[in-house]
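Worksheet: one structure, shown below.
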Amino acid sequence: MCQSEARRGPELRAAKWLHFPQLALRRRLGQLSCMSRPALKLRSWPLMVLYYLLPFGALRPLSRVGWRPVSRVALYKSVPTRLLSRAWGRLNQVELPHWLRGPVYSLYIWTFGVNMKEAAVEDLHHYRNLSEFFRRKLKPQARPVCGLHSVISPSDGKILNFGQVKNCEVEQVKGVTYSLESFLGPRTSAGDLPFSPDTSCSSFKNQLVTREGNELYHCVIYLAPGDYHCFHSPTDWTVSHRRHFPGSLMSVNPGMARWIKELFCHNERVVLTGDWKHGFFSLTAVGATNVGSIRIYFDRDLHTNSPEYSKGSYNDFSFVTHANKEGIPMRKGEHLGEFNLGSTIVLIFEAPKDFDFKLKAGQKIRFGEALGSL
């Protein structure tokens with residue numbers, strides 16, 4: 001036997017061992033093709049998992065009988081992330097025994113690089129459950145708020161993208177965009193939202209820009225699991241409206257954002273809109289896997305990842321009332337809300353053309369540091 005054949009011996013034996021009986025497999029796939037669509041999705045799951053987890057050589061018999069799996073994106077979207085995140089939220093509320101808190105939190109700190117020296121309470125035994133640990137507060141001096149710039153970072157995180165909004169699309173990461181209207185939702189009456197009335201032929205972007213000579217800007221900040229999970233007001237502004245989009249709870253890490261187009265439009269999110277001194281301003285908190293809970297401190301009516309809401313809808317709430325015709329005033333750096341784990345903040349706002357970001361894509365940033373100014 002020549003050396004090349006000797007080297008191929010193990011490969012040939014592996015191929016023989018991985019060779020499925022094609023006739024039986026054809027019969028099985030034929031049965032699957034006769035099922036209803038829900039049953040087909042359920043029963044074909046094991047084959048799809050095999051396709052994605054095993055080496056391609058092991059799955060040649062599947063391709064020979066004509067079976068093709070759904071796309072990886074469709075497979076991931078079919079995972080019940082809302083239900084899993086709801087279960088994770090329940091688990092987070094379970095009080096840990098005093099002796100177990102140190103080891104559990106220490107493992108999390110080691111895994112995600114948490115800096116507990118910044119925490120208002122450094123003693124790990126103080127946090128009764130995972131939820132309290134995720135939502136820990138910082139020492140007052142840990143995050144000084146920059147007073148020289150008009151817009152600051154609302155949270156700790158990583159800058160995924162920033163710049164002017166062009167062609168009514170926003171980049172979630174470099175080269176991957178999503179529709180501005182899909183993200184913020186359709187324009188409603190001018191009395192409900194701070195959108196200027198405009199003709200139907202005008203772009204959605206022009207409907208948001210309220211002052212001549214201004215442009216629309218965006219900034220995307222990703223919060224990793226080890227980051228400080230609260231978010232704050234990025235500037236002095238007034239919140240007049242909240243729009244809640246129930247949706248999926250897929251991971252929003254940068255790798256996933258490159259993989260799934262319009263990821264932020266698929267996920268559950270809370271859009272706060274209002275005005276600042278230069279016109280329109282919005283802050284959107286985007287949920288993610290295991291982050292079904294988005295809390296806005298002044299909005300007690302908001303309940304995220306609730307089974308009573310269906311995906312594909314949205315719920316509006318106005319903070320402008322007869323008693324309060326302005327809305328909710330927010331000062332720069334003031335506490336605004338929190339996540340239960342890492343997620344994403346998206347700022348979309350109007351500003352003059354000379355607004356300048358003080359950022360680099362991919363840089364780490366902390367709450368209170370400058371995003372940009374005029």
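Side chains included, hydrogens not; waters and symmetry mates left out as well; all remaining heavy atoms used.
Side-chain contact check for I348 versus T284: every heavy-atom pair is 4.5 Å or farther apart. Within the 4.5 Å cutoff, no side-chain heavy atoms of S153 are placed close to those of R366. P154 places none of its side-chain heavy atoms less than 4.5 Å from the side chain of L336. Taking the side chain as every heavy atom from C-beta outward, H218 and L180 never approach each other to under 4.5 Å. Using a 4.5 Å heavy-atom threshold, the side chains of I152 and K332 count as touching. Within the 4.5 Å cutoff, the side chain of L208 has heavy atoms near those of the L184 side chain. Residues V270 and R242 are in side-chain contact: their nearest non-hydrogen atoms beyond the backbone lie under 4.5 Å apart. Side-chain contact check for E181 versus Q207: every heavy-atom pair is 4.5 Å or farther apart.
Counting only distance, with no hydrogens or angles, the side chain of D227 and the backbone of A224 share a donor-acceptor pair below 3.5 Å. Listed for the H241 side chain is no donor-acceptor partner under 3.5 Å among the backbone atoms of L272. In this structure, the side chain of K137 does not engage the main chain of C230 through any donor-acceptor pair within 3.5 Å. Checked by atom type and distance alone, the side chain of N267 pairs as donor or acceptor with a backbone atom of G287 at under 3.5 Å. Between the side chain of K360 and the backbone N or O of I159 there is no donor-acceptor pair closer than 3.5 Å. The backbone N or O of G333 lies less than 3.5 Å from a partner atom in the side chain of H232, making a donor-acceptor pair. Between the side chain of T238 and the backbone N or O of D275, no donor-acceptor pair lies under 3.5 Å. At distances below 3.5 Å, at least one donor-acceptor pair connects side-chain atoms of E350 with backbone N or O atoms of T210. In this structure a side-chain-to-backbone donor-acceptor pair under 3.5 Å is missing from Y108 to F134.
The minimum heavy-atom distance linking A119 with Y127 is given by the pair CB-OH, 4.1 Å. Here the shortest heavy-atom pairing between V320 and K325 reads CG1-O, 3.6 Å. Scanning all heavy atoms of the two residues, the minimum distance from L100 to P103 falls at O-CD, 3.2 Å. Of all non-hydrogen atoms in S182 and S179, the two that sit nearest each other are N-OG, 3.2 Å. Shortest non-hydrogen contact noted between L359 and A370 is CD2-O, 3.9 Å. For Q93 against S131, the heavy-atom pair with the smallest separation is NE2-OG, 3.4 Å.
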Q: With salt bridge (charged side-chain N to carboxylate O under 4.0 Å, His left out) as the test, would you mind laying out the steps for R243 and D316 before giving the verdict?
A: CA-CA 5 Å; R243 176 169 281 172; D316 287 334; 2.6 Å; yes
Q) Hey, mind stepping through D354 and D356 against side chain to side chain contact (heavy atoms under 4.5 Å, CB included) and telling me if it holds? A) CA-CA 6 Å; D354 57 349; D356 181 34; over 6 Å; no
Q: Walk me through it: do R101 and E95 pass the test salt bridge (charged side-chain N to carboxylate O under 4.0 Å, His left out)?
A: CA-CA 9 Å; R101 296 174 189 177; E95 184 170 345; 3.3 Å; yes
Q. After noting the C-alpha distance and the side-chain angles of S106 and L124, does the key distance pass the side chain to side chain contact (heavy atoms under 4.5 Å, CB included) rule?
A. CA-CA 8 Å; S106 295; L124 298 181; 3.5 Å; yes
Q) Please walk me through it: do R331 and S233 pass side chain to side chain contact (heavy atoms under 4.5 Å, CB included)? A) CA-CA 6 Å; R331 302 290 296 175; S233 175; over 6 Å; no
(Q) Between F317 and H244, does the side chain to side chain contact (heavy atoms under 4.5 Å, CB included) criterion hold? Intermediate values first, please. (A) CA-CA 8 Å; F317 184 85; H244 171 218; over 6 Å; no
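To the nearest 0.5 angstrom, L302 atom CG is 5.0 Å from D299 atom CG. Summarising the geometry, atom NE2 belonging to H278 is positioned 9.5 Å from atom CZ belonging to F349; distances are rounded to the nearest 0.5 Å. With rounding to the nearest 0.5 angstrom, the NE2 atom of H98 is 5.0 Å from the NE2 atom of H125. The structure places CD of E326 at 10.5 Å from OG1 of T321, a figure rounded to the nearest 0.5 Å. Expressed to the nearest 0.5 Å, how far NE2 of H126 lies from CD of E132 amounts to 6.5 Å. Taking CD1 from I365 and CG from L371, the interatomic distance works out to 4.5 Å, rounded to the nearest 0.5 Å.
With respect to K364 and E369, no salt bridge is recorded, no charged nitrogen being found less than 4.0 Å from a carboxylate O. Between R143 and E118, at least one side-chain nitrogen of the basic residue sits less than 4.0 Å from a carboxylate oxygen of the acidic one, meeting the salt-bridge criterion. We find that R295 and E338 are joined by a salt bridge, their nearest charged nitrogen and carboxylate oxygen being less than 4.0 Å apart.
Two different hydrophobic clusters hold Y228 and V346 under the rule that ILVMFWY side chains link at heavy-atom gaps under 4.5 Å. There is a path of hydrophobic side-chain contacts, each under 4.5 Å, that joins F357 to L283. Note on Y297: it does not cluster hydrophobically with F367, by side-chain heavy-atom contacts below 4.5 Å among ILVMFWY residues. Hydrophobic clustering (ILVMFWY, side-chain heavy atoms < 4.5 Å, transitive): I345 and V151 are in one cluster. Both M116 and Y105 are members of a single hydrophobic cluster when ILVMFWY side chains are connected at heavy-atom separations under 4.5 Å.
When each of F281, W276, F280 is tested with W237 by the rule ring pair (Phe, Tyr, Trp, His ring centres under 6.0 Å), just one qualifies, namely F281.
Using modelled atom types, one finds no donor on one side chain facing an acceptor on the other under 3.5 Å when comparing E268 with T304.
Remark: K166 NZ is loosely packed, at most 12 non-hydrogen atoms of other residues, nucleotides or ligands lying under 6.0 Å away. Under a cut-off of 6.0 angstrom, the local environment of CD in E334 is crowded, with over 12 non-hydrogen atoms contributed by other residues, nucleotides or ligands.
Aromatic ring centres of F339 and F231: separated by under 6.0 Å.
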